[in-house]
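Atoms within a ligand are numbered from 1 in the order they appear, just like the ligands themselves.
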Amino acid sequence: MTLDFLGNLQRTQMCGELRREHAGQNVVLMGWVNRRRDHGGLIFLDLRDRTGIAQVVVDEKVGAAHDKADAARPEYVVAVKGHVRRRGAGLENPNMPTGEVEVVADELLLLNESKTPPFSPAEDAIANEEVRLKWRYLDLRRVEMQRNFALRSRVAMAIRNYLVGEGFLEIETPFMTKSTPEGARDYLVPSRIHAGEFYALPQSPQIFKQILMISGFDRYFQIARCFRDEDLRADRQPEFTQIDLEISFPTQETVFRVTEGFLTAAFAQADPPIRLTTPFVRMTYDEAIKNYGIDKPDMRLPAMVSLTDELTPELREQLKIEQALPVLGFVIPEVGELSGTARKSLLSEVRAGFGDCGLDLLDVARLKTSADFAPLAAVIEAKLNGSTSQVRPTVEPGAPGSVADLMVVVTPKLGTPTMWNYDPQWIWKRVGQLRLQLGAKFADKHGRFKQTGTEADFKFAWVTDFPMYEWNEETKTWDAAHHPFTSPHEDDIKAGRLTSDKGAVRALAYDVVLNGTELGSGSIRIHRQDVQAEIFRSLGMSDAEAKERFGFFLDALEYGTPPHGGIALGLDRIVMILAGASSLREVIAFPKTAKAIDLMCDAPSHATEAQLRELHLRIAQRS
Ligand code: ASP
């Protein structure tokens, strides 16, 4: 069969747009053959473009068109000229938006053929992700993927519109640049012209956006690609996209308000739209650790509860609990009564997880059976029950029909250390970890992670006042917990803690958190050269090293730098959440695998000898 030329033919409609009010109209559609059904005298073609699918009927009476429909195969590219008609009674397909009509073909053009694809884009789910990534162009034809990228485009546009409306300028910053200290490894680009020298791909536009504030742009944003060579971790991409912004003369509140604004605009693009209520919950890092044991709290489940005061010195004495350490409890709602065996295996699983760290579970059910401890059990139960009312209240605990909650109380046994790996908050963190672990284990029971498609699914929070420094046990140094341009709290600078007590210095750094994941982070920056130099020094960087790495930036700071601050949020993750997708790869058109490979292009790949020579590189085989 010879192929047809498009000539001047133009389409009149997209496939997915056809409705019964188009009946009687002449149309021209173009797209791919999604499915073909041969009923002898009649051939049905499901024609697909990015808007959806339309059914085309080709009657053998239209000889030439019928011959072509006969030759057409899935994924052939065709154009149809014909008219729309209502489908006969009983032949409508209520599952298709175009299911009330079909197109009767007068003419069919075969514009291109297709080899038999390794999988059909007409299928909903293709199990093997490697196959999908290798033939990504076919995978992207699938309705679900088309929907994800239409959503992504709308979300990006809504964010742009919002920020431009707030006075932001979109400014691009370079890809070939110098290293940015975001804590990952750099991707390097060797220079041909300068032998032995390299550009680094930006881990973020951090230094440039700060320089743009020095340049007087006042409000900058960019939907920016960032490159980080990190260790293999599920759901990380070596290159990813951030909504990156910077503001001159801001308070933290200014940054929060703008971020809440663009997130509200982005969530309104979900289908159906999700309305967010602002302002989001705010808590300090210390509050997050005390209540959730983690700096990215998942507030869909009740917070941890301190039972430290309830366990009086006398009770601790009797129950063999360390005197000075916290006792923490939490509730996993609606787990239901556990059988004796289930309870025992849960206890041993948790105890095995604690290992020899000193923590143990307190068996509240057993306390109840003892006259001495029953009052304590009652107090614990009352306090834990109180914690469940903060999250999506369902049935009153204890009310008829309510399902029993799982109550977990963790105590430090005698001899439990106050610090673990130099961390005095380790008990809160360890119990917080258990809370998340049990929350995941009983997800089917409590149902709090199920998507209802409403705002209730999304628990946002701002976490503020992060520690400025992190102790690095390996190198025995204080590292910057955020990047080193983050401003310490003014009070901590004034109190001299930068030198006297690094562990206590708070940073003007903040994270926006959603359902236990960090969506983005930012900070108010250091705008004074003397403070910046002092921070580099306090991080163990000599003046010479600081000059070598960031000299241009330190110089720039000396020419009238306004106070400034900003934030960056991962666009990929936001779209993934709004699409209800299970991985970032579902919302990145050409992603890499967990091993950082592009299976479609087969990248990375070897360079030729000639290229290497030009770049002054030689490959050394490591044995
Ligand atoms: N550059 C930071 C990051 O990529 C964000 C910021 O501080 O604005 O996490």
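Neither the backbone nor the side chain of Gln210 has any atom closer than 4.0 Å to an atom of ligand 1 (non-hydrogen atoms only). The residue Glu246 has no part lying near ligand 1, judged by heavy-atom distances below 4.0 Å. At a 4.0 Å heavy-atom cut-off, ligand 1 touches Arg228 through the side chain alone. For Ser204, every heavy-atom contact with ligand 1 shorter than 4.0 Å involves the side chain, none the backbone. Contact annotation: for His482 versus ligand 1, heavy atoms closer than 4.0 Å belong to the side chain alone.
Of all the atoms in ligand 1, the ones that sit under 4.0 Å from a non-hydrogen atom of Lys209 are 6 (C), 8 (O). Under a 4.0 Å criterion applied to the non-hydrogen atoms of Arg525, ligand 1 contributes the atoms 6 (C), 7 (O), 8 (O).
Glu130 and Thr593 share no donor-acceptor pair across their side chains, judged by distance under 3.5 Å alone. In this structure, a donor-acceptor pair under 3.5 Å is absent between the side chains of Gln433 and Gln437. Counting only N and O atoms by type, the side chains of Ser204 and Glu182 include a donor and acceptor under 3.5 Å apart.
Salt bridge absent: Glu614 and Arg192 never bring a charged side-chain N and a carboxylate O closer than 4.0 Å. The pair Glu260-Arg282 counts as a salt bridge, with a side-chain nitrogen and a carboxylate oxygen less than 4.0 angstrom apart.
When ring centroids are compared, Tyr510 and Phe466 stay outside the 6.0 Å threshold.
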